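Comments concern the structure below.
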Amino acid sequence: MKIATFNVNGINARLPRLLEWLEETKPDIACLQELKAADDNFPEAAIRDAGYGAIWHGQKGFNGVAILARGVDPVETRRGLPDDPDPSHSRYIEAEVNGLVVASIYLPNGNPQPGPKFDYKLAWFDRLIDHAASLFAREQPVILAGDYNVIPTDEDVFSVRAMAGDALMQPESRERFRRLAFAGWTDAIRARHPSGRIYTFWDYQAGAWARDAGFRIDHLMLSPAAADRLVDAGVDKAARGREKASDHAPTWIMLR
DNA sequence: ATGCCAAACGCTGTTTGA
């Protein structure tokens with residue numbers, strides 16, 4: 001069973017790329033972020049024609065998350081995190097699919113830092129950690145997949161110096177990512193590839209893709225019951241090199 | 001120290017964000 005996370009950066013702008021990727025790689029479950037579309041602008045018919053059931057939590061202009069499942073309808077278990085003081089941001093949706101619990105997560109970017117956007121990011125992350133603990137306690141296979149907007153370590157970025165002041169690699173951001181890991185969640189890419197530079201995002205600006213100036217911010221975090229079934233993980237890097245590509249590449253796991 | 005880029009919205013530029 002293949003489960004992927006893909007920040008599409010505009011589902012309507014990216015629809016041909018998304019459909020092509022679904023057809024080529026046939027993920028069983030795809031978690032999408034940055035739909036940049038209101039609920040009634042989600043391309044439901046095209047997704048269904050591609051063979052996928054879907055649930056989505058849209059928002060006009062920015063944010064927006066979805067879960068697609070091949071041949072079945074995901075059963076929604078939650079939209080939005082508990083106790084969100086600002087539920088206007090569509091950044092979390094969760095479903096059960098074939099006995100798995102899957103969340104599609106779009107963590108706030110947090111730039112510029114310091115400032116209110118960074119504070120919002122950290123508070124949002126804290127609520128995610130709290131909710132993750134309640135999922136963890138159920139001892140089910142759970143996959144928390146999405147754009148975490150966190151570069152976990154210096155090995156996950158093309159230049160520590162260039163990014164030193166960025167919200168994505170501040171100690172406060174990394175500390176929260178580590179807290180998830182220490183709570184028992186497995187970073188699937190690093191479980192399969194413990195060292196080496198693996199990127200999931202390359203900025204559109206300054207020729208970042210051409211010079212491989214990327215970083216790793218899209219993560220699939222696995223509960224123990226899911227991690228027990230992990231057989232492979234990777235990044236569909238070729239997708240980033242196409243015409244009208246998202247600035248993120250799809251990132252995936254294979255479970256037994 | 002600044003801009004690089006892209007999408008949505010709605011209209012030829014502004015807003016928002018990464």
Side-chain angles (χ1 to χ4, degrees), chain A residues 5-21 31-44 46-47 56-66 84 86-92 104-125 128 145-152 156-170 172-174 176-177 198-219 235 237 239-251:
Chain A
T5 181
F6 186 12
N7 179 323
V8 292
N9 188 20
I11 194 166
N12 289 305
R14 213 67 63 207
L15 192 57
R17 288 288 85 85
L18 174 64
L19 295 175
E20 165 187 272
W21 170 74
C31 299
L32 308 181
Q33 301 87 32
E34 278 208 88
L35 305 180
K36 296 187 177 180
D39 276 336
D40 54 8
N41 273 334
F42 185 87
E44 182 180 12
I47 299 286
W56 59 94
H57 190 196
Q59 184 173 347
K60 181 178 164 182
F62 61 110
N63 297 332
V65 287
D84 191 339
D86 180 9
S88 67
H89 288 230
S90 297
R91 297 181 175 276
Y92 185 94
S104 181
I105 294 165
Y106 179 47
L107 225 133
N109 174 287
N111 280 304
Q113 75 79 33
K117 290 192 172 181
F118 191 56
D119 296 341
Y120 176 73
K121 172 185 195 149
L122 300 180
W124 202 96
F125 210 154
L128 174 64
D147 177 359
Y148 281 70
N149 269 313
V150 176
I151 296 166
D156 299 307
V157 62
F158 71 102
S159 165
V160 170
R161 208 174 108 179
M163 293 293 291
D166 197 284
L168 278 57
M169 52 179 267
Q170 293 313 297
E172 296 91 337
S173 307
R174 289 179 163 180
R176 282 164 176 80
F177 189 84
I198 298 169
Y199 304 143
T200 66
F201 170 92
W202 295 260
D203 204 307
Y204 290 120
Q205 303 185 58
W209 169 248
R211 59 196 176 90
D212 196 27
F215 32 90
R216 190 173 74 92
I217 54 176
D218 298 275
H219 308 299
V235 179
K237 193 173 170 181
R240 179 61 182 84
R242 301 214 164 140
E243 285 299 310
K244 296 286 287 178
S246 169
D247 41 6
H248 295 250
T251 306

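All figures in this text were calculated on a predicted structure; none of them were measured in a lab. In what follows, chains carry the letters A, B, and so on, assigned in the order in which the sequence lines appear, proteins first and then strands, with residues in each chain numbered from 1.
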I'd like the C1' distance from dA7(B) over to dC11(B), given in whole Å. 15 Å

Does one side chain, of D218(A) or T251(A), offer a donor that lies under 3.5 Å from an acceptor on the other? no

Taking the P atom of each, how far is dT14(B) from dG3(B), in whole Å? 15 Å

Just to confirm, is there a sub-4.0 Å distance from OP1 or OP2 of dA6(B) to any side-chain nitrogen or oxygen of R14(A)? no

With no hydrogens and no angle check, is any side-chain donor or acceptor of R174(A) less than 3.5 Å from a backbone partner on I151(A)? yes

Give me the distance, rounded to whole Å, that separates dA6(B) from dA1(B) when you measure between the C1' atoms they each carry. 23 Å

From the candidates dA7(B), dG17(B), dA18(B), the one with an atom nearest any side-chain atom of K36(A) is dA7(B)

Measuring only the C1' atom in each nucleotide, how far is dA8(B) from dA18(B)? A whole number of Å is fine. 15 Å

Give a yes/no answer on whether the side chain of Y120(A) brings an N or O atom under 4.0 Å of OP1 or OP2 in dG17(B). no

With no hydrogens and no angle check, do the side chains of N109(A) and K121(A) hold a donor and an acceptor under 3.5 Å apart? no

Using 30° and 60° as the class boundaries, would you call the ring planes of F177(A) and H219(A) parallel, tilted or perpendicular? tilted

Taking dA8(B), dG17(B), dA7(B) as options, the one with an atom nearest any side-chain atom of N12(A) is dA8(B)

Is the shortest side-chain N/O distance from K117(A) to OP1 or OP2 of dG17(B) below 4.0 Å? yes

Please work out if N149(A) contacts a base, only the sugar-phosphate, or nothing of the nucleic acid, heavy-atom cut-off 4.0 Å. nothing

Distance check needed: dT16(B) C1' versus K60(A) NZ, whole Å only. 13 Å

